[in-house]
Student: 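Take this structure first; my questions come after.
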2 protein chains.
Amino acid sequence: MVRRTGEATREEIRTAATHLFRERGFARTSVRDIAALASSNPALVIRHFGTKELLFLETMHLTIDDEPLFDVPMEQFGERFIEVLLADDDIRGVYLALVRGSNEPQIRTRLQDIHEKMFVGPVRARLAGPDADIRARLAAAVVGGLLYVLWVVGDEALVAAEPRELVVRYGALLQQVLTERH
Amino acid sequence: MVRRTGEATREEIRTAATHLFRERGFARTSVRDIAALASSNPALVIRHFGTKELLFLETMHLTIDDEPLFDVPMEQFGERFIEVLLADDDIRGVYLALVRGSNEPQIRTRLQDIHEKMFVGPVRARLAGPDADIRARLAAAVVGGLLYVLWVVGDEALVAAEPRELVVRYGALLQQVLTERH
DNA sequence: GTCTATAAAATGATAGAC
DNA sequence: GTCTATCATTTTATAGAC
């Protein structure tokens, strides 16, 4: 067997780090906290992952299944997109940790990557024309605005609103932007 | 004379703090840094302002002149609003510092206040109907989305774009959302 | 009001025994 | 691979002389 017992420890540390970074963010999570939750010790955390920041970058990532998830008619894309984003529980924690940690250049770069792949990409794939890129980026700003207001700012009226109402209203709004009837 | 020399020191500390908090944010600005820039010392900073966080809250605020600035026809409001937000140099630094520091409950509360007064308020004042509040909040999310994408994420294509093009395109987009032609 | 000196605590990371 | 002990630094905040 090639497998070593270290692999299990490594995985426990990774799990603990994922949990804590999502919950408290980068700055408020210490290497000691992670070690404690993983029933390990700080030295091992560093030994396995190098630095706290490398561990953060290794755990804080997001992916989106574009093709299968958005196999809906184009006129329902706006609503469906918002629905998927708000339904996925992983997104919120990772997103918040990245936004609040974005003072660190590496973390900000990760935020850019995720923004590009999760927001800009899916939208641009559904637009055409010479200005498709900038239109997609502005539509992605609209999408990001909802997550920002719900999760970073925490607009109390919107947080307390019926999720379905948010999906319908903001979905329609996004759709309107994408369709762009002048 | 009632004025004491302490007032000048206090003002220098306030100025230094404003500058550094805008430039580097809360976490990356130390009381020592502020004292050094103010040609003072850490003890005096604390003596005058209590804690670093109180000093942060005293310096990081924004106001908007609603009435005089938005004295334009309603159909130009969207573009004008975006134009004003992007033109004001104070906003960016304060906004970034608040977003990145929003792990701290007090800082997040301040962000909520500013969001309410700067974004939700002006928009809602121009909407009517039973759903004016939620529509204003969703439109404010759209507005926040642009600042978020430009300043927090730093979408390189948008940052590099002609400011005028952003104002025109995103202004039209916001206008469309406010006018809401179905 | 001002400042030097320092307290008190927390942090990321490392050395070296096992 | 693991862990104890600790280094080295940085932080906010305070005590007390002037």
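Residue numbers start from 1 in every chain, and the chains themselves are labelled A, B, ... in the order their sequence lines are given, proteins ahead of strands.
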Student: How far apart are the closest heavy atoms of B:Ile114 and B:Leu62, and which atoms are they?
Tutor: CD1-N, 3.7 Å
Student: For A:Asn41 and for B:Ala27, locate the closest nucleotide of DNA chain D by heavy-atom distance; then report the residue assigned to the nucleotide nearer the 5' terminus.
Tutor: A:Asn41
Student: Using whole Å, report how far CD of A:Glu53 lies from C1' of C:dT11.
Tutor: 15 Å
Student: Just wondering, more than 12 heavy atoms not from B:Arg14 lying within 6.0 Å of its CZ?
Tutor: yes
Student: How many Å lie between CG on A:Leu54 and P on C:dG12, as a whole number?
Tutor: 14 Å
Student: Determine, using the 4.5 Å side-chain heavy-atom cutoff (strictly less than), whether B:Ile134 and B:Val120 are members of one ILVMFWY cluster.
Tutor: no
Student: CD1 of B:Ile13 versus C1' of D:dA13: gap in Å, rounded?
Tutor: 14 Å
Student: Could you check A:Arg32 against A:Ser39 and say which one's nearest nucleotide on DNA chain D is further toward the 5' end?
Tutor: A:Ser39
Student: Please give me the minimum heavy-atom distance between A:Val159 and A:Leu150, naming the atom from each residue.
Tutor: CG2-O, 3.6 Å
Student: Consider the side chain of B:His48, meaning its heavy atoms from C-beta on, and name the nucleotide among D:dT2, D:dA13, C:dT2 that approaches it most closely.
Tutor: C:dT2
Student: Measure from CD on A:Glu11 to C1' on D:dT2 and round the result to the nearest Å.
Tutor: 18 Å
Student: Grab the CD-P distance between B:Glu12 and C:dC3 for me, whole Å please.
Tutor: 10 Å
Student: Can you identify which nucleotide, out of D:dT2, D:dC3, C:dG12, has its nearest atom closest to the A:Thr9 side chain?
Tutor: D:dT2
Student: Pick the nucleotide of DNA chain C nearest each of A:Leu44 and A:Arg28; which residue has the one closer to the 5' end?
Tutor: A:Arg28
Student: Go through A:Asn103 and B:Arg28 one step at a time and tell me if the side-chain hydrogen bond (donor to acceptor under 3.5 Å, both in side chains) criterion holds.
Tutor: CA-CA 8 Å; A:Asn103 247 343; B:Arg28 292 175 72 98; 5.2 Å; no
Student: Rounded to whole angstroms, how far apart are CZ on A:Arg24 and P on C:dT11?
Tutor: 10 Å
Student: Counting heavy atoms not belonging to B:Glu156, are there more than 12 under 6.0 Å from its CD?
Tutor: no
Student: What integer distance in Å separates B:Ile46:CD1 from C:dT2:P?
Tutor: 15 Å
Student: What is the distance, rounded to the nearest whole Å, between atom CZ of A:Arg10 and atom P of D:dT2?
Tutor: 11 Å
Student: Which heavy atom of A:Phe119 sits nearest a heavy atom of A:Gly144, and at what distance?
Tutor: CE1-CA, 4.3 Å
Student: Hey, is the side chain of B:Ser30 poking within less than 4.0 Å of OP1 or OP2 on D:dT10, counting only N and O atoms?
Tutor: no
Student: Does any residue of residues 97-105 of chain B have a heavy atom under 4.0 Å from DNA chain D, and if so, which ones, in number order?
Tutor: none
Student: Side chain of A:Lys52: nearest nucleotide among C:dT2, C:dG12, D:dA13?
Tutor: C:dG12
